[in-house]
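One structure is given below, encoded as structure tokens.
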Amino acid sequence: MTHIRAPRGTIDVFPEKPGIWQRLEETVRSVCRNAGYTEIRTPIFEHTELFQRGVGESTDIVEKEMYTFLDKGERSITLRPEGTAPVVRAYLEHKMWAGPQPVKVYYIGPMFRYERPQLGRLRQHTQFGVEALGASSPALDAEVISILISVYQHLGLSGFVVRLNSIGCSECRPRYKESLVNLLSEHVDELCADCRRRLRRNPLRVLDCKNERCAILAKELPPIFEYLCEDCSRHFGGVTECLKALDLVYELDPTIVRGLDYYTKTVFEVVHSGLGAQDALGGGGRYDGLAEELGGTQTPGVGFAAGIERAVQVLQDAGDKETSTDAGEVTVFIAAMGDEAKIEAFRITHALRKQGISTDIDYLDRSLRAQMKYADRQGVKTVVIIGEDELKGDYVIVRDMVTGEQTRVPFGDLIKILTQNTILSKDLKLPREK
RNA sequence: GUAGAUGUAGCUCAAUGGUGAGAGCGCUGGACUGUGGCUCCAGAGGUUGCGGGUUCGAGCCCCGUCAUCUACCCCA
């Protein structure tokens with residue numbers, strides 16, 4: 001029998017891990033709210049055209065990585081491969097440009113790309129991101145970067161590097177591309193096969209080729225800064241000035257070009273050495289032309305997207321132990337023997353739960369011994385034992401699983417004693433002990 | 001789409017082409033008929049990923065296929 005497995009490139013997040021996930025999501029929410037961003041939830045699928053026009057026909061995403069299908073109404077639908085285009089679509093669709101600007105939103109949710117899975121790469125992964133629309137101030141670029149960094153700092157994550165670049169606008173970037181092509185065409189023979197193709201399609205990509213000989217050539221090329229138009233140049237200066245004002249450390253890196261067509265001016269990535277070949281924790285930039293590309297009015301925007309699975313990986317490698325947020329952990333276990341006592345135990349369990357005391361019970365008709373063992377493995381602090389003797393005597397035994405102390409408690413006082421037990425209430429959220 | 005490595009118990013892994021595929025951990029039960037952790041004993045659990053082929057005989061060799069991992073392309 002071959003049983004069904006999760007589709008390639010997807011993962012189940014297991015009980016040991018949700019704590020770290022929840023902490024991450026809560027951190028994202030609080031940092032974003034703190035900066036005036038509110039949550040937006042866009043559909044997980046969109047019209048294919050949104051991405052074709054927004055992300056760009058010639059990008060890898062649109063060319064070969066989209067989960068696209070025809071629905072029963074013959075519409076071409078695509079599982080969203082990224083979050084920015086949908087947000088801009090929503091902004092335009094709901095005429096949010098008519099309200100106060102800028103509109104600042106954040107999101108957390110799954111993205112889909114049909115790729116070969118490897119370390120840090122999945123077909124369904126989760127991104128958190130922010131978008132700030134309707135303002136072109138460089139301070140907003142810096143704000144967005146600082147939010148991403150702030151999330152990592154709040155998580156206690158370290159060892160990341162911010163890389164910053166500007167790729168100009170529709171006015172100055174073509175000039176730069178042209179001169180790159182001119183300069184490189186003299187050395188076509190020395191370029192790798194990929195770069196020869198890049199030369200025609202996207203010469204900027206030659207800049208970050210990993211091939212040794214290409215990299216040597218790329219080093220000789222002039223940085224884009226020399227080609228930026230006055231507007232872009234001034235904007236970039238504003239961004240770096242703001243980052244310095246925040247004491248935010250960054251590296252100027254002319255090799256960052258990003259894989260989506262909508263970027264203009266500022267682009268950045270946050271990378272971490274512990275991630276393997278896919279070393280980006282997150283990335284983003286400005287996209288002043290995207291709204292227009294989607295048929296809307298010209299609207300500046302800037303944002304980032306970051307991978308949750310990758311952040312989780314780095315946190316785990318760093319030995320992050322905080323996994324107890326949603327451990328489903330129980331502090332009281334009712335061990336019962338005999339049919340009558342079991343009914344009573346069931347009743348007590350639910351009464352305790354009503355009082356907010358997490359309580360569990362045996363469902364496998366196990367021996368007292370086995371119930372004790374199970375309770376111990378579950379990290380239970382207190383076991384209430386109830387059998388025939390106790391029923392007759394109208395009391396229960398309360399056993400402290402840490403010290404081994406046991407006391408008889410009159411039946412009617414049980415809930416009161418467990419509720420008032422200071423040790424118990426203090427320890428409600430302690431992680432289990434080994 | 002390309003390349004390499006790997007698929008044996010729930011997990012981590014053994015097993016020269018030759019009995020009925022094993023161990024540790026975990027799980028269940030018992031020693032201790034009503035008391036967890038330590039110890040000991042026992043039990044359950046396998047279509048050796050799947051399909052072909054070679055062979056007297058395949059977990060092992062060959063082919064195909066699927067999956068996982070890593071890398072390329074590119075990205076979160």
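Heavy atoms only: backbone and side chains are in, while hydrogens, waters and symmetry mates are out. Residue numbering restarts at 1 for every chain, and letters A, B, ... go by the order of the sequence lines.
Thr84(A) and Glu131(A) share a donor-acceptor pair across their side chains, judged by distance under 3.5 Å alone. Using a 3.5 Å distance cut-off with no hydrogens or angles, the side chains of Glu63(A) and Ser58(A) do not pair a donor with an acceptor. Using modelled atom types and a 3.5 Å distance limit, the side chains of Tyr67(A) and Gln124(A) yield no donor-acceptor pair.
At the heavy-atom level, Arg198(A) lies under 4.0 Å from the strands shown only through sugar-phosphate atoms. Residue contacts for Glu309(A): at a heavy-atom cut-off of 4.0 Å it reaches no nucleic acid atom on any strand shown. Within the 4.0 angstrom heavy-atom criterion, base atoms lie near Ala277(A). Here Gly120(A) lies in heavy-atom contact (under 4.0 Å) with a base. At the heavy-atom level, Arg205(A) lies under 4.0 Å from the strands shown only through sugar-phosphate atoms. If you check every strand for non-hydrogen atoms under 4.0 Å, Gly284(A) touches nothing. Residue Leu122(A) is in base contact, counting any heavy-atom pair closer than 4.0 Å across all strands shown. Among the protein residues, Ile397(A) comes within range of the nucleic acid bases, having at least one heavy atom under 4.0 Å from a base atom.
Separating the P atom of C62(B) from that of G17(B) is a span of 12 Å, rounded to the nearest Å. For the P atoms, the distance linking A14(B) with U8(B) amounts to 11 Å, nearest Å. Spacing between G45(B) and U6(B) at atom C1', rounded to whole Å, works out to 24 Å. Nucleotides G18(B) and G59(B) place their P atoms 10 Å apart, quoted to the nearest Å. Between C61(B) and A23(B), the distance separating the two C1' atoms is 26 Å to the nearest Å. Distance noted for atom P between A21(B) and A44(B): 14 Å (whole Å). Nucleotides G24(B) and G20(B) are separated by 23 Å at their P atoms, to the nearest Å. Separation of the P atoms belonging to U65(B) and C27(B) is 41 Å when rounded to the nearest angstrom.
Across the strands present, C61(B) finds its partner in G53(B); the criterion is a Watson-Crick or G-U wobble pair with both atom distances under 3.5 angstrom. In this structure, G4(B) and C69(B) make a Watson-Crick or G-U wobble pair, each of the two defining distances being under 3.5 angstrom. Under the Watson-Crick or G-U wobble criterion, with both distances below 3.5 Å, C74(B) is left unpaired in every strand shown. In this structure G46(B) sits in no base pair that meets the Watson-Crick or G-U test at under 3.5 Å. G24(B): Watson-Crick or G-U partner is C11(B), with both key distances under 3.5 Å.
For Tyr287(A) and Tyr262(A), the ring centers are positioned less than 6.0 Å apart. Taking the centre of each ring, Phe225(A) and Phe236(A) come in below the 6.0 Å mark.
The separation between Arg113(A) atom CZ and C73(B) atom C1' is 14 Å, rounded to whole Å. Put simply, CZ on Arg123(A) is 12 Å from C1' on A67(B), counting in whole angstrom units. Here C74(B) presents its P atom at 19 Å from OH of Tyr114(A), a figure rounded to the nearest Å. Computed from coordinates, the Asp400(A) CG to U35(B) C1' distance equals 14 Å when rounded to whole Å. When rounded to the nearest whole Å, the span between CG of Asp261(A) and C1' of C74(B) equals 13 Å. Rounded to an integer number of Å, the gap from Arg116(A) CZ to U2(B) C1' is 8 Å. For Gln378(A) and G37(B), the CD to P distance is 14 Å, given to the nearest whole Å. When the C1' atom of G34(B) is taken as reference, atom CG of Asp389(A) falls 8 Å away, rounded to whole Å.
By the neighbour-count criterion of 12 heavy atoms within 6.0 Å, atom CZ of Arg353(A) is densely surrounded, having more than that number from other residues, nucleotides or ligands. Open room surrounds CD on Glu340(A); 12 or fewer heavy atoms of other groups in view lie less than 6.0 Å from it. The number of heavy-atom neighbours closer than 6.0 Å to CG of Leu183(A), taken from other residues, nucleotides and ligands shown, is above 12.
Evaluation of atom-type donor-acceptor distances gives a pair under 3.5 Å for the side chain of Gln278(A) against the base of C74(B). Looking at Gln371(A), its side chain has no donor and acceptor atom pair within 3.5 Å of the base of U35(B). In this model, a side-chain donor or acceptor of Glu390(A) finds a partner on the base of G34(B) within 3.5 Å.
A donor-acceptor contact shorter than 3.5 Å is absent between the side chain of Gln355(A) and the backbone of Ile357(A).
Under the 4.5 Å side-chain criterion, counting only non-hydrogen atoms from C-beta, Thr264(A) is in contact with Arg173(A). Using a 4.5 Å cut-off on side-chain heavy atoms (C-beta onward), Ser150(A) and Asn34(A) make no contact.
Taking only side-chain atoms of Ile385(A), from C-beta outward, the nucleotide of U35(B), C74(B), A76(B) with the closest atom is U35(B). For Arg5(A), the listed nucleotide lying nearest its side chain is A67(B); candidates were G34(B), A67(B), A71(B). Among the nucleotides C69(B), A76(B), A71(B), the one closest to the side chain of Glu115(A) is A76(B). Side-chain atoms of Arg399(A) lie closest to G36(B) of the nucleotides G34(B), G36(B), A76(B).
Along RNA chain B, the nucleotide nearest to Met372(A) and the one nearest to Val257(A) differ in position, and the one closer to the 5' end is contacted by Met372(A).
Remark: Arg8(A) is in phosphate contact with U68(B), judged by side-chain N or O atoms under 4.0 Å from OP1 or OP2. Of the side-chain N and O atoms in Gln118(A), one or more sit less than 4.0 angstrom from OP1 or OP2 of C72(B). Look at Arg258(A) and you'll find a side-chain N or O under 4.0 angstrom from OP1 or OP2 of A76(B).
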Detail all sub-3.5 Å separations between protein N/O atoms and N/O atoms belonging to nucleotides 24-33 of chain B.
{"from": "C27(B)", "atom 1": "OP1", "to": "Arg377(A)", "atom 2": "NH1", "distance (Å)": "2.5"}
{"from": "C27(B)", "atom 1": "OP2", "to": "Arg377(A)", "atom 2": "NH1", "distance (Å)": "2.6"}
{"from": "U28(B)", "atom 1": "OP1", "to": "Arg366(A)", "atom 2": "NH1", "distance (Å)": "3.1"}
{"from": "A31(B)", "atom 1": "N6", "to": "Arg369(A)", "atom 2": "NH2", "distance (Å)": "3.2"}

